Amino acid sequence: MKIILKTQEEILKIREAGKILAECHGELAGRIGPGMTTLEIDEWVEQYLAARKASPEQKGYRGYPFATCASVNDIVCHGFPNDRQLRSGDIVTIDIVVNKDGWLADSAWSYRIGAVSEEADRLLSVTHQALEKGIAQAVPGNRVGDISSAVQGIAREAGVGIVKPLIGHGIGRSMHEPPDVPNFGRSRTGPVLREGMVITIEPIFTSGDTGAVLWEDDGWTIRSADGSLGAHYEHTLAITKKGPLVLTSL
Ligand code: CO
């Protein structure tokens, strides 16, 4: 499949979705805390989007039953929101794909609940740093492998695990478009980044050094194989001649 380049107008449409998503995460950051359940967060997000005439693209996507993915502690990705109360010391990743007028933006964020362990704190910091290092490589003329290699370098340096099956992707009118954007790879390899490409960069790391994961029987929930913690930070961005334009930040 070919990479679908977006016009400036189309990028502005994705920005509309991304702005709503960024504001939603910003609000969440202020609300999320001990005692809250991920199901309450899920319902809150759905209402937040509805009030802005936007919708959660995940709901119904290949049968996914919720508006958000909510992944707590050793759940690394695609966790189902549930009615367990969050506790101080937990970490939780909320992953949201917003559809606004048919255009999509995708952003996941890992949150600290109350006071977290040093291990958790470090994992979240490192994963966020990998996202930033990846974004810095997203300039015209670079290749996807330059992003991948930058992300991988941070994981290697920190001794955390890369969850290799989970990767970034192109995005636009559908959630997953080419190219794949893996969190490991060699610089100067892969598709060339061109103005008008819109992609996600989404490092997903575990505090254990293998990054190995297992799927639960529900077909979605992904857990670390060694019981270690998972973290996930994701932005949607456009490649422009002025450099990376992050569409899911404030
Ligand atoms: Co994504």
Side-chain angles (χ1 to χ4, degrees), residues 1 3-4 6 11 13-15 17-22 24-25 28 42 45 49 54-64 66-71 75-81 92-100 102-111 127-128 130-135 137-138 144 147-148 150-152 155 162-185 190-191 193 197-206 211 213 215 219-222 230-239 244-249:
M1 263 239 301
I3 295 171
I4 305 166
K6 276 81 184 177
I11 289 170
K13 292 285 200 184
I14 299 171
R15 172 60 179 155
K19 191 158 184 289
I20 292 169
L21 180 43
C24 183
H25 269 306
L28 261 182
D42 189 77
V45 167
L49 299 184
S55 61
E57 185 72 7
Q58 275 125 305
K59 201 166 192 174
Y61 176 84
R62 299 191 178 178
Y64 186 79
F66 297 97
T68 65
C69 299
S71 307
I75 309 295
V76 171
C77 203
H78 300 166
F80 286 177
V92 55
T93 300
I94 306 294
D95 190 354
I96 308 171
V97 185
V98 170
N99 182 326
K100 175 70 174 169
W103 291 94
L104 309 182
D106 187 355
S107 176
W109 213 255
S110 293
Y111 295 97
T127 312
H128 184 254
L131 172 59
E132 307 233 291
K133 292 284 181 190
I135 291 171
Q137 294 297 319
V144 169
I147 297 171
S148 302
V151 169
Q152 179 175 25
I162 298 170
V163 180
K164 291 191 171 177
L166 301 173
I167 57 180
H169 46 91
I171 185 167
R173 285 187 177 278
S174 42
M175 198 189 295
H176 298 127
E177 294 181 1
D180 288 348
V181 184
N183 291 311
F184 60 97
L193 301 173
M197 285 173 55
V198 176
I199 60 171
T200 73
I201 299 179
E202 45 182 316
I204 303 176
F205 295 164
T206 61
V213 290
W215 269 260
W220 285 101
T221 308
I222 300 174
H232 178 193
Y233 287 89
E234 172 182 24
H235 272 311
T236 296
L237 56 122
I239 314 295
L245 178 62
V246 178
L247 302 172
T248 46
S249 65

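Position 1 is the first residue of the sequence, and the numbers go up from there. Just so we're clear, the structure is a prediction, and the values are computed from it rather than from any experiment. Order of listing sets the numbers, starting from 1, for every ligand and every atom in it.
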For His232, enumerate each residue passing the ring pair (Phe, Tyr, Trp, His ring centres under 6.0 Å) test, keeping only those at least two apart in sequence or located in another chain. none
Salt bridge (Lys or Arg N to Asp or Glu O under 4.0 Å) partners for Glu177, two or more places apart: Lys6
Residue pair Asp42, Thr68: steps toward the side-chain hydrogen bond (donor to acceptor under 3.5 Å, both in side chains) verdict: CA-CA 6 Å; Asp42 189 77; Thr68 65; 2.6 Å; yes
Using a 6.0 Å cut-off, check whether atom NZ of Lys13 has over 12 heavy atoms from anything other than its own residue. no
Check: Val198 and Thr236 side chains under 4.5 Å, non-hydrogen atoms: yes
For the Co ion (ligand 1), which protein N/O/S atoms fall under 2.8 Å? Skip waters. Asp106 OD2, His169 NE2, Glu202 OE2, Glu234 OE2
State which residues pass side chain to side chain contact (heavy atoms under 4.5 Å, CB included) with Ile167; sequence neighbours excluded, sorted by chain then number. Asp180, Pro182
